[in-house]
Amino acid sequence: MDTQVLTETATALVADDKGLLAMDESNPTCNQRFAKLGIPQTEEARRSYRELIVTTPNLSKSISGAILYDETIRQRTTDRTPFVEVLVTAGIIPGIKVDAGAKSLAGHPGERITEGLDGLRARLAEYSQMGARFAKWRAVISLGDGLPSQGCIEANAHALARYAALCQESGLVPIVEPEVLMDGPHTIARCGEVTEEVLHAVFHQLYVQRVVLEGMLLKPNMVLPGLACPEQETVEEAADATVNCLLRSVPAAVAGIAFLSGGQSSELASARLNAMNVRFQTRLPWPLAFSFARAIQQPALEIWSGQEANVKAAQQALAHRAHCNRAARCGDYSATMESTAGEQ
Ligand code: 13P
C-alpha cells in the first residue's frame, strides 16, 4: 500500500476550499428522479444528463472530485470523449461508487445492510485502471422505534471498514459514508446521539481493519432534526450540534470531512456548512467540506428537464451551487449569493 499516494489524493480532494460532486446515483435512483420531472428513464437520457454535468464550464473552480457510477464511468460525451478524460482534463479527480446498494438486513425489520464486498478487489482494480482515484461506499442507518439496532450498526461499520481496507490496498482513497437518515419525526438530539454512536463504531472497525486514517475521507450526515420533526433548529444550532458530535467521535488524523446533503434544500445545506466554518474553522483538526448530490444537482436537473435547449441554463445553475458551497467552506456564503446567481 502506498500511503503517501493515498494521503496526497485525500488531501487534494479537500484542498483549496473545494468539494466533491456526487453524481453516482444508481440507475434506479436516477430514474426515480427523472420520472418525477417527466424525463425518459433511458440510458441515453442518463448519459446526456451526465454529459451536461461533466462539461459544465468552470466546474473545477469549486469541485475537486466527481463520484461516478458504474454505468457513467464507462460513458462518453457526444463527441466520444470518455467522461473520465473530460474530468481529468478539467482538473477534477474521478471517483467511483463501489457499493452494491443497501438491502434488507436479515432478522432486523426496517433496517438495511450495504452489500458489495464479494469480488470487490477485482472491481477496484478495474476502476483504478479506468482512472478512478477514490471510491465511495454508503451505509444507511434508519431511526425509529427501537432503531437503530446494535446489529445494524455493527454490520454496516464492519462492511465499511472492509471496503476501506480493500480500497487502500488498491491505491484508491475510500470515502466512508455512514448516513443516519433524515426521514422521520426524531429530534436533533436523537440524531446527534445516534450519529455519535455510529461514528464510534465505524472508527473502531476502521482501526481493527488497519485503515490509514490520513488516506481516507469521512462523508457523514449533518446532525439535524428529522424532516417530520415539528421543532426545526436554527442554522447555527445545527452547526453546533454537528461539529460537537464530530469532535467527540472523529480522530484528528482523518484527512477531511465532506458532508452528504441527505434531502436538505440546497440553500440550507450551504447555510449550515457555512455556519460550521464560520463558528469552528480555526479550531478544527480536519477541513469541513461537501460531497453533495441533490444539494448541488437538484436545481440544475429541474431546469434541464431532459430538454437540450435548457443545457446552458442548467449548467449555470450547477456551477452556481458548486460556487455557493465553495464559499460556505470559507464561511463566505450568504443568502444574497442566491439572488446574484450566474454572476460568479
Ligand atoms: P445527497 O447529497 O443527495 O444526500 O447524496 C450524497 C450521496 O452521495 C449519497 O450517497
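Both ligands and their constituent atoms are indexed starting at 1 by order of listing.
Checked by atom type and distance alone, the side chain of N277 pairs as donor or acceptor with a backbone atom of A328 at under 3.5 Å. Of the possible polar contacts, none joining the S128 side chain to the L124 backbone as a donor-acceptor pair under 3.5 Å is found. No side-chain donor-acceptor contact under 3.5 Å links D16 to the backbone of K18. Judged by distance alone, with hydrogens and angles left aside, the side-chain atoms of Y163 form a donor-acceptor pair with the main-chain N or O of A135 at under 3.5 Å. A donor-acceptor pair under 3.5 Å is formed between the side chain of R123 and the backbone N or O of V98.
Between L260 and ligand 1, no pair of N/O atoms sits closer than 3.5 Å. At under 3.5 Å, not a single nitrogen or oxygen of G263, backbone or side chain, sits near a nitrogen or oxygen of ligand 1. In terms of N/O distances under 3.5 Å, ligand 1 is not approached by S291. Residue K136 has at least one N or O atom closer than 3.5 Å to an N or O atom of ligand 1.
Atoms of ligand 1 lying under 4.0 Å from any heavy atom of A22, numbered from 1 in the order shown and given with element: 8 (O). Counting atoms of ligand 1 from 1 in the listed order, those under 4.0 Å from a heavy atom of A293 are 1 (P), 2 (O), 3 (O), 5 (O), 6 (C). Close contacts of ligand 1 with G262, meaning ligand atoms under 4.0 Å from a residue heavy atom, involve 1 (P), 2 (O), 4 (O). Residue F292 has at least one heavy-atom neighbour below 4.0 Å for each of these atoms of ligand 1: 2 (O).
Atom 2 (O) of ligand 1 has S261 OG, 2.4 Å as its closest protein atom, hydrogens excluded (heavy atom only).
Between K219 and ligand 1 there is a heavy-atom distance shorter than 4.0 Å.
A salt bridge between R272 and E233 is absent, with no side-chain N of the basic residue lying under 4.0 Å from a carboxylate O of the acidic one.
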Would you list the atom pairs, donor with acceptor, under 3.5 Å between side chains in residues 220-228 and any protein atom, with sequence neighbours excluded?
from : atom 1 : to   : atom 2 : distance (Å)
N221 : OD1    : V180 : N      : 3.1
N221 : ND2    : T195 : OG1    : 3.2

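With a 4.0 Å heavy-atom cut-off, ligand 1 is reached by the side chain of E177 but not by its N, CA, C or O. Contacts between R294 and ligand 1, counted as non-hydrogen atom pairs separated by less than 4.0 Å, involve both the backbone and the side chain.
Aromatic ring pairs are classed by plane angle as parallel below 30°, tilted from 30° to 60° and perpendicular above 60°; the pair W304 and Y49 is parallel.
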